Amino acid sequence: MIDYPLTIHSWPKAILHVDADAFFASCEQATKPYLRGKPVVTGKERGIVAAASYEAKALGVKRGMTIAEVKRKYPEVVILPSDYETYSIFSLRMFEILRRFSPDVEEYSIDEAFVDLTGLRRLYRCSYGEIGGRIKETIEKELKISVSIGISLTKVLSKIASKHQKPGGLTVIPGKEIHLYLEELPIEKVWGIGSNTSALLNKIGIKTALQFARKSEDFLRRYLSKPYIEIWHELNGRSIFPVNTEPKTSYKSISKAKTFTPPTSDEGFILSQLSRNLENACMKARRYSLVAKRLIIILTQHNFKRVGVEIELSRATAFPFEILPFAKEGFKRIYEKDKFYRQTCVVLSELSSKNELQLSLFDDTIKIHKMNKIYNAIDTLSKKYGKYTVYHGSSHLVRIQHEGERGDIPERRINLLKGETERKRIRIPIWNIKV
Amino acid sequence: MRKGERDLLLKSRVKAISEFYLSKGRMPSFSELCSLTGLRSKNAAFKLVKRLKNEGYLDQDEKGKLIPRLINRTIKLLGAVEAGFPSPAEEELIDTLSLDEFLINNPSSTYLLKVSGDSMAGAGILPEDLVLVDCSLEPKNGDIVIAQVDGEWTIKYFEKRDGEVFLIPANSKYDPIKPKEELKIGGVVIAVVRKYR
């Protein structure tokens with residue numbers, strides 16, 4: 001039963017998935033050539049490894065490890081603070097290069113994208129694999145980072161293809177060969193299948209992706225819901241998930257988290273961190289004209305234990321002024337005096353469009369109108385003079401601690417060019433080369 | 001007919017004559033003037049010529065043939081300044097470049113680099129200058145390149161002779177470099193930026 005193909009159609013559709021290898025660390029190696037070939041990790045300012053270069057991974061460094069542990073076990077590793085500005089520029093440039101080849105690009109995350117290549121063989125007069133090769137070469141030449149590329153009939157399969165050989169791989173899975181790649185693949189490695197689903201599937205005798213793909217739809221419908229049937233179709237080479245080229249404009253939830261080092265038990269400081277995250281999340285919500293009906297706050301203790309609380313707001317809003325009292329109350333319920341904390345996180349959920357917002361009979365319309373005016377003014381000021389030009393008093397303590405932690409600020413923000421300010425820098429990456 | 005309308009009519013006739021002049025390279029005869037402007041008699045055409053003569057648009061030679069004066073300078077005719085300058089319409093700015101666009105040809109492959117050495121001083125590239133480097137370009141002879149030679153990075157002129165690459169400084173203090181083992185071209189310098197204040 002293993003031998004026959006899942007589909008006899010080679011390329012009804014061609015979807016490419018590109019995944020940058022150790023993206024943040026690669027960006028650092030691209031702009032600092034003296035780090036190429038060396039073990040590099042980023043995330044110094046958070047105290048945990050955000051990305052590790054392949055050289056660091058080879059030593060045994062893993063994502064999420066504490067920086068202290070890396071220092072102790074692998075003293076040769078170069079540890080850098082994250083420079084999100086540079087990473088974002090590299091990300092935009094990668095998407096820009098992809099759009100040179102096809103207009104249908106989905107920016108899936110900062111370091112991942114899907115590209116619909118269907119029909120482009122005729123334009124470029126070469127195979128899909130060769131188009132993938134050209135894309136890979138261009139990214140590696142112009143960005144000096146390495147990427148792994150997978151090409152297949154559907155998004156789920158292209159993700160399997162890009163993961164097949166990492167780093168620097170280019171894997172093409174035509175319809176007739178799908179079964180060869182699914183044969184050895186554990187079912188939990190398939191995009192969209194979580195640990196609970198794979199545990200259930202294991203119990204009914206499905207261990208590999210191929211066993212899953214070979215089952216009949218009727219059989220699977222007895223156990224699984226529609227999203228999983230869609231994955232089953234995709235594994236069989238029938239494309240269900242389209243490449244979504246729309247830029248992200250709506251969110252299901254907005255979360256903002258910030259880690260501070262060293263961990264602290266200072267109630268006022270932690271609360272101000274929470275308040276700052278809330279301000280940030282609300283600002284983002286207002287930018288997309290959204291309001292939230294539900295608030296979640298999470299505190300992470302120094303040992304990574306997380307405690308959270310969920311709060312229903314009295315009115316859908318994006319004004320910290322209205323949400324802060326709830327946040328403070330929630331905070332009091334989960335904060336423990338003698339514990340040390342390293343991170344606070346705020347999640348706004350049950351989002352809806354601000355324009356659909358109905359005022360209830362009991363809302364204080366004059367007050368809401370006034371708040372609207374104040375926050376419009378705050379947003380205008382932020383745009384003109386930089387974020388946090390005006391902020392809530394409850395976030396004030398954030399300022400006090402963060403000054404003077406130079407090692408945690410990326411080089412790009414310290415060595416400013418003439419004319420650059422702490423707030424605005426040229427949107428071109430700098431190569432740190434001595435010539 | 002009111003004065004404004006008459007002026008408009010006159011302008012359209014001047015325009016017709018100037019178009020005739022620009023396309024044929026000569027002024028029209030009186031009969032051609034009639035068909036150009038829609039006048040029915042040569043007498044009317046004669047009157048028009050008299051008026052245009054008065055306003056300085058054209059002249060006549062001794063035989064009565066027309067001589068162009070302001071007629072071919074269409075810009076003066078159409079762009080009569082009424083009051084002040086027109087505000088810069090967006091369309092007027094379509095064909096302009098921002099400094100970014102002027103300096104950078106390929107935005108996704110261009111990087112900044114701060115120069116620290118003086119090996120290109122003779123080419124006007126001094127320490128502390130910023131250079132814009134495009135790594136999508138293939139270097140040609142005479143280009144300034146950022147290159148890695150036997151492990152060291154450098155900025156030099158690129159020179160290829162008989163298949164061999166030489167890296168030539170613009171400063172007599174330094175010698176040309178002939179890569180021994182390895183040469184990697186990081187990119188081609190496309191511009192130098194020096195900000196004084």
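Model, not experiment: these values are computed from the prediction. Throughout, protein chains are lettered first and strands after them, A, B, ... in sequence-line order, and every chain is numbered starting at 1.
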Study note, to complete from the structure: Greatest number of non-hydrogen atom pairs under 4.5 angstrom with chain B, of A:I426, A:I97, A:L143, falls to A:L143
Practice item. Could you tell me which residues satisfy salt bridge (charged side-chain N to carboxylate O under 4.0 Å, His left out) with B:K178, sequence neighbours excluded, listed by chain and number? Key: B:E164
Put together the list of donor-acceptor pairs under 3.5 Å connecting chain B with chain A, please.
residue	atom	partner	partner atom	Å
B:P107	O	A:R93	NE	3.4
B:P107	O	A:R93	NH2	2.9
B:S108	O	A:R93	NH1	3.4
B:S108	OG	A:R100	NH2	2.5
B:S108	OG	A:E142	OE1	3.4
B:T110	O	A:R93	NH1	2.9
B:T110	O	A:R93	NH2	2.7
B:Y111	OH	A:E142	O	2.6
B:L112	N	A:P429	O	3.0
B:L112	O	A:W431	N	2.8
B:S116	N	A:V435	O	3.0
B:S116	OG	A:V435	O	3.0
B:G117	N	A:V435	O	2.7
B:S136	O	A:K141	NZ	3.3
B:E138	OE2	A:K141	NZ	3.3
B:G186	O	A:K144	NZ	3.3

Check your understanding: Taking only residues two or more places apart in sequence, or in another chain, which ones meet B:P179 in a side chain to side chain contact (heavy atoms under 4.5 Å, CB included)?
Key -> B:V149, B:L183
Exercise for review: Could you tell me the separation between the CG atom of B:L112 and the CG atom of A:L417, rounded to the nearest 0.5 Å?
Suggested key: 6.5 Å
Practice item. Check each atom of B:I125 against the heavy atoms of chain A and say whether the ones under 4.5 Å are side chain, backbone, both or neither. Key: neither
Point to revise | Structural part of B:P127 lying under 4.5 Å from a heavy atom of chain A | key: neither
Review point. Where on B:V131 is there a heavy atom nearer than 4.5 Å to chain A: the side chain, the backbone, both, or neither?
Key: neither
Point to revise | Pairwise distance CD1(A:I433) to CG(B:L113) - rounded to 0.5 angstrom | key: 5.5 Å
Point to revise | salt bridge (Lys or Arg N to Asp or Glu O under 4.0 Å): pairs with one or both residues in residues 31-46 of chain B, sequence neighbours excluded | key: B:R26-B:E32
Review point. Using non-hydrogen atoms only, which part of A:I89 is less than 4.5 Å away from chain B: side chain, backbone, both, or neither?
Key: neither
Point to revise | Closest-packed option against chain A by number of heavy-atom pairs under 4.5 Å, given B:I146, B:L130, B:I104 | key: B:L130
